[in-house]
Amino acid sequence: MANAVHGVMEFFSTAAQPTVLIFVAVLLLSLWMLSLRNPRVKWPPGPVCFPVVGCLPQMMISGRRRQPTDLLPWYDTYGDIMHVKFGEQHMIMLGTYELIQEAFVKNADTVSARPTWIYFLRQIVGKDGAGVLFKSGKAWKELRRFTLSSLRDLGLGRKSLQERIQDEARYLVQNIENENGKAFSPRERIGKAVSNIISIVVFGTRYDYNDTPEMLPVLEEVLRLGEGPVLLTNLARFIMPMKKMIALVDKLYSLIRQEVEKHRQSFDPTDIRDFIDLFIKVTQEEEDPEVYTEWNVFRIIVDLYLAGTDTTANTLRWSLVHMVNHPDAQKRVQREIDQVIGQGRVAKMEDKARMPFTEATILEVFRLSTVGAGVILKTGHAWKELRRFTLSSLRDLGLGRKSLQERIQDEARYLVQNIEDENGKAFSPRDRIGKAVSNIISIVVFGTRYDYNDTPEMLPVLEEALRLGEGPLSLTNLARFIMPMKKIMSLVDKLYSLIRQEVEKHRQSFDPKDIRDFIDLFIKVTQEEEDPEVYTEWNVFRIIVDLYLAGTDTTANTLRWSLVHMVNHPDAQKRVQQEIDQVIGQGRVAKMEDKARMPFTEATVLEVFRLSTVVPLGVPHATSETTNLAGYTIPKGTVILGDLYRVLHDENNFEDAYKFKPERWLDVDGKVVKSDKLIPFSMGPRICLGKGLAEMESFIFFTTLLQNFTFKVTEGEKPPDGVEGLNTFTFTPYPYNVCAVRR
Ligand code: HEM
C-alpha cells in the first residue's frame with residue numbers, strides 16, 4: 001500500500017500538468033461509471049449525475065430565475081419517476097398523483113421519515129430531528145397527535161380560533177383602510193396578519209402591525225436564505241463557513257439556560273439557594289418586567305463570569321509572582337499569618353484588621369497589576385436596577401445558611417489540598433486558580449462548585465470565547481470579513497432564543513387551571529406525561545418553530561397569490577363580491593358556515609391553492625427502509641420528493657392547467673366539486689398538519705378583504721402574471737403593489 005501511494009506521488013511530481021488533468025478526469029469518470037454500475041441498486045432513469053456535485057450543475061446553470069416549472073421537461077425525457085442526485089444525496093422525484101399516493105400513502109410506513117442527516121437539516125434540528133416537521137418514527141407520531149389535539153383544544157377555548165381569525169381579518173381591513181385607496185405593497189401586512197394567528201395559538205397573543213415581533217423578520221430571512229438545492233446536500237458545509245466565536249458564545253448561553261431551567265423545575269420560594277433562584281423569585285414579584293427578563297439573567301451570569309473570574313484569578317496569579325520576586329515580603333506576610341491565624345484554621349475577613357502588612361501587600365498587588373474590570377453591557381435605568389439587584393442578592397446569599405465567606409474559605413481549602421498533591425514539584429497554578437475562583441461564582445450563580453478534575457463545560461467554552469474575542473480586529477467592522485458568518489445558523493439561534501423567552505414568561509405565570517395556549521399545554525403535559533424523551537423542551541421549541549415555518553409563509557403566500565389573481569381577473573373578483581353581498585353583507589365578518597352558500601368564492605380559493613402551489617416540491621420525505629416503488633427497489637436513506645406542482649399543473653388532471661379558472665371547480669348546477677388530485681397539502685400520514693387551519697384562514701382572510709375592498713393596480717402598472725414567482729422553500733409572487741379601493 002505504502003508503495004502504491006509512493007508511486008502515485010511520484011507520478012504526480014514527475015508528470016506534466018496536462019497529463020495530471022487527464023489522469024484526474026479519467027479517474028473521476030471511472031468513479032462515476034462505477035457508481036452507475038452499482039449492481040445492488042437499479043435507480044429509475046434521470047439526468048446525468050457527476051461525481052461529488054450530482055446534477056446540481058444542470059439545475060444551477062439555468063440563466064433565469066428558478067421556477068417550479070424548470071424541472072418539468074425532465075419528466076418528459078426520463079418519465080414520471082426520476083432519479084436525481086443533489087451532491088452525493090440520491091433522490092427520487094415523483095411526478096404523478098398515483099406515484100405520490102403509492103409512496104406517501106401505501107408505503108407510508110417506510111416513506112414517512114425526514115432526511116435529517118442532510119447537513120443543513122442536521123445543523124438546524126439535530127440528526128435525530130425534532131418537533132413535528134423534522135421528526136421521524138414513534139416520537140413524530142406522538143408529537144403530531146399532541147400538536148393536533150392542542151390546536152383542536154385551543155380552537156374550542158373561550159374565544160374560538162375562528163373568532164380570532166375574524167378579529168384579525170378586521171384588523172387587516174382597518175390597516176389597509178389607512179392607505180385611502182393609494183397604491184401600497186400588501187406583502188408585509190399580510191405576513192403580519194397571518195403570523196398573528198400562529199402567535200395567538202402559540203403565545204396567546206397578537207402583535208400590532210407596527211410592533212412586529214422580532215421573530216417575523218428573522219423567520220423571513222431564514223426562509224429567503226434557505227433557497228437552492230445546495231442546501232439539501234452535504235456540500236452546504238463548504239459554502240457556509242462557521243463563525244466560531246458566535247457558536248461558542250451561543251453554547252455558553254445554552255449551558256446557562258440549562259441551569260436556569262433545572263432551577264425553575266425545583267424552585268421553592270421558601271428555600272432560595274442561589275442567584276438564579278433569587279432572579280426567579282424577583283421575576284415573580286418585581287414590577288419592572290423590562291428589567292427582569294431572562295435575557296438579563298443570562299447576561300448577568302455571563303458578566304459575573306467574564307468580570308469576576310479572570311480578574312480575580314489574575315490578581316492571585318500576580319500576587320504569587322510578586323511573592324516569588326520578593327521573598328522578604330513573603331516572609332513578613334507569613335509571620336503575620338502565624339501570629340494572627342496560626343495553622344489550625346482558615347483566614348476570615350475579621351483577621352484582616354490585625355494583619356496590616358498582608359492587607360498592604362494585597363493593595364500593592366492591586367495597584368501594580370491592574371487587571372482591568374469587566375463591564376456589564378447595560379446602561380441607564382436598567383443598569384442601575386440590575387446592579388442594585390445583583391449587589392443585594394450577593395449580600396443576601398452571603399447571609400444564607402452557609403455564608404459566602406465560609407464558601408470562600410472552603411474553596412481556599414480545596415485549592416490548598418489540590419496544590420498539596422503536587423508534593424512541592426513545579427506546576428502551573430494558572431488552571432486551578434482559575435477553577436477555584438470560578439467555583440465561587442458557580443456557587444453564587446448555580447449553587448454548586450465543581451471538582452477541579454470535573455470542569456464544568458462552561459469554563460473552557462468561556463476561555464475559548466475570551467481568546468477568540470481578543471485582538472483589536474474583532475472590535476472593527478473589518479471583523480465581518482475575517483470572521484465569516486454562518487448566517488442561517490445565527491438567525492435560527494436567534495429564533496430559538498426568542499421562543500425561549502416566551503416559554504419562560506409562560507412558566508412564570510403558569511396556572512394548570514387556566515390553559516391559555518400551546519405553550520401552557522406543553523408545560524402541562526411535561527408535568528404529567530410519562531414519556532419524558534418525547535416531551536422535551538427541545539421538542540417544544542422545535543414544534544413552535546415548525547408551526548411558524550410551516551404555517552406562516554405558506555398561508556401568507558396563498559393570500560398574496562389570491563390578490564394577484566383578483567387584480568388580473570376583475571370579473572372573478574366581482575363575482576366573489578356579489579356572493580359576499582348576498583350571503584354576508586357588510587354587517588359582519590365571514591364564518592366557515594358561510595362557505596357552503598358561497599360556491600364561487602370557495603372555487604376561487606381552491607383555484608388559488610392549485611395554480612399557485614405554495615410548496616411546489618412539498619417537504620422532503622425519506623425512506624426508513626428499503627422500499628419498492630413503481631417496480632424499483634429504493635434503498636433506505638433515499639430522499640423522496642413528491643412533485644405537488646407537477647400534479648397540480650398536469651394537463652391530464654386539469655385542463656388549461658396554467659390558466660386561472662375558478663369555474664373548473666363548479667358543476668353545471670354551480671355546486672363545488674373537488675378533485676382528489678388537488679393535493680397542495682400533500683397526502684398520507686404526513687399531510688399538512690395545519691390543513692384545516694390553513695383552509696379556514698384562507699377563506700376568512702380572503703373573503704373579508706374582498707368584502708371591504710376592490711383590488712386593482714395603478715394605471716399603466718403591470719401586475720405579476722400569476723404563474724412566475726420567487727421560488728425558494730415556498731413559492732411567492734414577485735413584489736408588486738396593489739390599490740385597495742374601499743367598497
Ligand atoms: C396554504 C397553506 C399551507 C400549505 C399549502 C401547506 C402545505 C404543507 C405541505 C405540502 C406539507 C408537507 C407534507 C408532507 O411532508 O408530505 C406541510 C406540512 C406541515 N404543515 Fe402545512 N401548509 C399550509 C399551512 C399550514 C399551517 C397554517 C400550519 C399550522 C398549523 C401548517 C403546519 C404544518 C406542519 C406542522 C407540517 C408538518 C407535518 C408533519 O411533518 O407531520 N401548515 N404543509
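Counting starts at 1 for both ligands and their atoms, following the listed order.
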Flag the pair Arg575 and Glu579 as a salt bridge only when some basic side-chain nitrogen lies within less than 4.0 angstrom of an acidic carboxylate oxygen. no
Taking only Lys NZ, Arg NE, NH1 and NH2, and the carboxylate oxygens of Asp or Glu, determine whether Arg664 and Glu655 approach each other closer than 4.0 Å. no
Ring centroid separation Phe609 to Trp561 under 6.0 Å: no
Between His649 and Tyr658, ring centroids under 6.0 Å: yes
What are the atoms of ligand 1, with element, lying closer than 4.0 Å to any heavy atom of [X]?
| X | value |
| --- | --- |
| Val615 | 7 (C) |
| Thr558 | 1 (C) |
| Phe609 | 1 (C) |
| Leu644 | 10 (C) |
| Pro680 | 5 (C), 7 (C), 10 (C) |
| Arg114 | 14 (C), 15 (O), 39 (C), 40 (O) |
| Val614 | 5 (C) |

Donor-acceptor check, side chain of Arg114 to backbone of Val619, threshold 3.5 angstrom: yes or no? yes
May I ask you to decide if Arg588's main-chain N or O and Gln707's side chain share a donor-acceptor pair within less than 3.5 Å? yes
Between Glu607 and Trp665, does a side chain to side chain donor-acceptor pair (under 3.5 Å) hold up when you go through it step by step? CA-CA 8 Å; Glu607 184 65 353; Trp665 302 101; 2.9 Å; yes
Does only the side chain of Thr555 get under 4.0 Å from ligand 1, or the backbone, or both, or neither? Count heavy atoms. both
Counting only nitrogen or oxygen atoms and a 3.5 angstrom limit, does Ser682 reach ligand 1? yes
Candidate with minimal heavy-atom separation from atom 17 (C) of ligand 1, of Cys688, Ala694, Ser698: Cys688
